[in-house]
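Below is one structure, written out as structure tokens; the observations come after it.
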2 protein chains.
Amino acid sequence: MAAGQGSASGTDGQDTPAPDVAHALAAADARCARAGAQLTELRRQVLGLVLESDQPLGAYALLDKLKALRPGAAPPTVYRALDFLLEQGLIHKVERLNAFVGCVEAGHDHAHGHDHHHPHQFLICRDCGTTVEISDHAVAHALEAAAQRVGFTAIQATVEIEGRCATCSAAA
Amino acid sequence: MAAGQGSASGTDGQDTPAPDVAHALAAADARCARAGAQLTELRRQVLGLVLESDQPLGAYALLDKLKALRPGAAPPTVYRALDFLLEQGLIHKVERLNAFVGCVEAGHDHAHGHDHHHPHQFLICRDCGTTVEISDHAVAHALEAAAQRVGFTAIQATVEIEGRCATCSAAA
DNA sequence: GCCCGCATCGTTATACTGTAACACACATCG
DNA sequence: CGATGTGTGTTACAGTATAACGATGCGGGC
């Protein structure tokens, strides 16, 4: 079993045995422990699959991968795990793609007390589809200010910028 | 032709409850004319339905309403119209709700030359579900700046802020 | 007039995304 | 032991969106 981490399924040229993933999983463990949440085997597997991919994965793509580890997996299997991971802030959903990515800050060890969602934004390249997560505080502040201006109390923001990444810009 | 739309009546042929809607439709006409696009009867009907609603409408809710005007309407009927209206910037999609709203700026008469998408943001209340569109330039600039900081060329941004509207905040 | 290409729309079928509902296993607690 | 709560397996279904093909109508070139 446990061979699951590295050579996923001949994805692309990049075959990362990913010590990053192992580290992120350990951080996730600590985070869940602090939050009193259980990072079960299933949830860890799903998180691992999301983290392994450098690009957003749809729920059913994830399901396909998960089936290699859990033959009986069905849609609710993966959706329940995803819901948990979203609640814990370990992954984010890219609404425009109906897909999920590991959270860039999940690996950071914050002082306890900061266990919730952090502001984040996605940059999605129209040409190559590459999706990058950033966490820009100026954007967060602008959003907060804009909301307050109309008496709205912001809790969480979905920000997804579509455009052209540096690589594709250079190519064009 | 007695396809009533519920409220307004009495006026001859035209069955438009809101003068806002009529105005917006006229503006849409002008806009499409300038863009060399055809605002056909179907598209105008769908746009009218979206504009009539003060809240986001899902494609199938829209389809149900459209069936009153066009018995044969099917999913592609409404999706094609929505695609056109999105391209023309006459409506926006709220990704988190899989729903569509009329564009707040579509009714404004801009100097020609400004026929494309404008920056916009949605405020979605968790309690009452009310969705409001704003167009905050500070947010737009912050997004642009954040993107440029990583060499990304922004073309269009989806911004949806979830939280509590003024009314629901006051109630709580 | 006639043909052709194009955009629009009708129609059927299907793919993709997400949930409801119920059953079972196990752990904790009185 | 029974009761409760969480996590998971399993079946079925709801909701969202698109593919594919046909029919119509309109404008341009012959």
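Convention: sequence-line order gives letters A, B, ...; per-chain numbering from 1.
- Atom-to-atom, CG of B/L85 to C1' of C/dT8 comes out at 14 Å; the value is rounded to the nearest Å.
- Extent of DNA chain D lying under 4.0 Å from chain A heavy atoms, first and last nucleotide in 5' to 3' order, is D/dT6 to D/dT11.
- As rounded to whole Å, 12 Å separates atom C1' of C/dC9 from atom CD of B/Q38.
- Look at CZ on B/R96: it is 12 Å from P on C/dG18, rounded to the nearest Å.
- Counting all heavy atoms, side chain and backbone alike, B/E95 lies closest to B/E160 at N-OE2, 2.7 Å.
- If you take CG of B/L66 and C1' of C/dT11, they are 15 Å apart, rounded to a whole angstrom.
- Both B/R43 and A/L97 lie close to DNA chain C; mapped to their nearest nucleotides by heavy-atom distance, the more 5′-ward contact belongs to B/R43.
- Rounded to an integer number of Å, the gap from B/K67 NZ to C/dG10 C1' is 14 Å.
- Aromatic pair B/H137/B/H118: ring centres not closer than 6.0 Å.
- Taking all atoms of both residues into account, the shortest heavy-atom contact from A/C165 to A/C125 is N-SG, 3.4 Å.
- The stretch residues 71-82 of chain A comes close to DNA chain D through A/G72, A/A74, A/P76, A/T77, A/R80, each having a heavy atom under 4.0 Å from the strand.
- Rounded to a whole Å, the CZ atom of B/R44 is 12 Å from the P atom of C/dC9.
- Proximity of a side-chain donor or acceptor of A/T131 to a complementary backbone N or O of A/Q55 within less than 3.5 Å is not detected.
- Between A/H92 and A/H120, the angle of the ring planes stays under 30°, which puts this pair in the parallel group of the 30/60° scheme.
- Two residues are said to be in side-chain contact when any heavy atoms from C-beta on lie closer than 4.5 Å; A/L90 and A/C32 meet this criterion.
- Atoms CG (A/L42) and P (C/dA25) sit 18 Å apart, rounded to a whole Å.
- Under the 3.5 Å distance criterion, the side-chain polar atoms of B/Q121 are matched with a main-chain donor or acceptor of B/D136.
- Residue A/N98 contributes atom CG, which lies 18 Å from atom P of C/dA15 at whole-angstrom precision.
- Using a 4.5 Å heavy-atom cutoff, the side chains of B/L39 and B/L85 are in contact.
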Can I get a per-line list of side-chain donor-acceptor pairs under 3.5 Å for residues 70-78 of chain A, giving both atom names and the distance, sequence neighbours left out?
residue, atom, partner, partner atom, Å
A/R70, NE, A/Q45, OE1, 2.8
A/T77, OG1, A/A74, N, 3.0
A/T77, OG1, A/A74, O, 3.1

